[in-house]
Amino acid sequence: MIRKELLWFFGTLSLSLLFHLFLDGFDSFTADSTLDINIHDTYFVISDIIFFTVLSALLFFFVYLLRMLCSNFKNLYANFVFIIACALVVLILTSSISLIQAMSNVFDVNTSNNKTHSLQSTIGNALILINALLVLFASFVGFKTGRNYKQHKHHD
């Protein structure tokens with residue numbers, strides 16, 4: 001059982017490395033490599049290690065979400081990895097929310113366009129809702145994992 005879980009874990013990690021190589025190339029593994037994102041007249045420079053971390057967290061989240069749902073929450077290792085991946089996604093969303101709010105404040109000073117402010121406010125509120133739902137779902141998974149662990153322990 002543990003061997004199978006290690007294969008899933010390292011397989012998912014390898015898949016995230018392959019995605020990273022496909023999207024960013026071999027040059028992304030140097031120490032000073034960055035990803036540049038241009039939005040309007042603003043450049044966002046993101047370290048490739050942060051991009052890889054976000055990509056890996058999302059990939060682990062979706063792979064282990066499927067594994068957990070297919071096993072009806074009975075695979076304790078998959079549940080545990082999912083809870084950790086979900087916590088990372090919540091941290092990433094929290095950072096994104098603060099970035100959107102900071103951008104909203106910058107655009108509010110520079111323009112009086114209510115459409116832009118409304119869109120950013122809607123996106124920020126949607127991310128807050130998704131964040132809250134993820135925390136609730138991770139709590140539910142933790143509850144189911146604890147219940148399954150107690151049942152598993154009593155059968156031994």
Side-chain angles (χ1 to χ4, degrees), residues 5-73 75-111 115-146 148-149:
E5 295 305 319
L6 284 174
L7 285 174
W8 270 101
F9 183 83
F10 287 114
T12 306
L13 188 62
S14 300
L15 188 61
S16 70
L17 277 169
L18 286 174
F19 276 155
H20 186 67
L21 275 173
F22 177 73
L23 294 174
D24 231 10
F26 283 106
D27 295 337
S28 64
F29 290 107
T30 59
D32 60 344
S33 62
T34 59
L35 178 69
D36 299 335
I37 300 172
N38 181 11
I39 299 176
H40 298 290
D41 290 336
T42 306
Y43 278 97
F44 294 99
V45 179
I46 302 170
S47 173
D48 269 339
I49 191 71
I50 292 173
F51 178 67
F52 175 71
T53 304
V54 170
L55 181 71
S56 298
L58 290 173
L59 192 64
F60 270 93
F61 176 82
F62 286 113
V63 166
Y64 278 91
L65 174 67
L66 289 174
R67 290 199 65 220
M68 183 184 60
L69 292 176
C70 288
S71 68
N72 291 328
F73 303 98
N75 187 339
L76 298 177
Y77 297 110
N79 293 357
F80 184 67
V81 173
F82 174 78
I83 290 171
I84 292 172
C86 191
L88 285 173
V89 170
V90 165
L91 288 173
I92 291 165
L93 281 178
T94 304
S95 300
S96 300
I97 291 167
S98 64
L99 177 67
I100 287 172
Q101 289 174 346
M103 285 176 51
S104 177
N105 291 338
V106 168
F107 287 131
D108 283 347
V109 171
N110 292 337
T111 65
K115 235 181 198 182
T116 304
H117 178 68
S118 175
L119 177 65
Q120 289 169 342
S121 177
T122 304
I123 291 172
N125 290 339
L127 288 178
I128 289 171
L129 178 66
I130 291 169
N131 216 356
L133 291 173
L134 284 176
V135 169
L136 286 174
F137 187 63
S139 301
F140 174 73
V141 171
F143 169 75
K144 292 286 280 184
T145 302
N148 288 338
Y149 179 72

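Here the straight-line distance linking atom CG of Leu18 with atom CG of Leu23 works out to 11.0 Å at 0.5 Å rounding. Between the OG atom of Ser139 and the CG atom of Leu136 there is a distance of 6.0 Å, given to the nearest 0.5 Å. Taking CG of Leu15 as the start and CG of Leu55 as the end, the distance is 8.5 Å to the nearest 0.5 Å. Between atom OG1 of residue Thr12 and atom CG of residue Leu7 there is a gap of 10.5 Å, rounded to the nearest 0.5 Å. Here the straight-line distance linking atom CZ of Phe52 with atom CD1 of Ile46 works out to 15.5 Å at 0.5 Å rounding. Here the CG atom belonging to Leu93 is positioned 11.0 Å from the CG atom belonging to Leu129, to the nearest 0.5 angstrom.
Closest of all the heavy-atom pairs between Ser33 and Asp48 is OG-OD2, 2.9 Å. Ile92 and Ala57 make their closest contact through CD1-CB, 3.8 Å (heavy atoms, listed as atom of the first residue, atom of the second, distance). The shortest heavy-atom contact between Gly124 and Ile97 is O-CG1, 4.4 Å.
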>> Apply side chain to side chain contact (heavy atoms under 4.5 Å, CB included) to residues Leu127 and Asn131 and explain how you reach the verdict.
In response: CA-CA 6 Å; Leu127 288 178; Asn131 216 356; over 6 Å; no
> Given Phe137 and Leu133, is the side chain to side chain contact (heavy atoms under 4.5 Å, CB included) satisfied, shown in steps?
Replying inline: CA-CA 6 Å; Phe137 187 63; Leu133 291 173; over 6 Å; no
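Using a distance-only test at 3.5 Å, with no hydrogens or angles considered, no donor-acceptor pair links the side chain of Asn148 to the main chain of Leu76. Using a distance-only test at 3.5 Å, with no hydrogens or angles considered, no donor-acceptor pair links the side chain of Ser56 to the main chain of Thr53.
Environment of CZ in Phe51: crowded, with over 12 heavy atoms of neighbouring residues, nucleotides or ligands closer than 6.0 Å. Under a cut-off of 6.0 angstrom, the local environment of CZ in Phe80 is sparse, with at most 12 non-hydrogen atoms contributed by other residues, nucleotides or ligands.
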Side-chain polar contacts of residues 60-69 - donor-acceptor pairs under 3.5 angstrom, sequence neighbours left out - could you list them?
from	atom 1	to	atom 2	distance (Å)
Tyr64	OH	Phe9	N	3.3
Arg67	NH1	Glu5	OE1	2.9
Arg67	NH2	Glu5	OE2	3.1

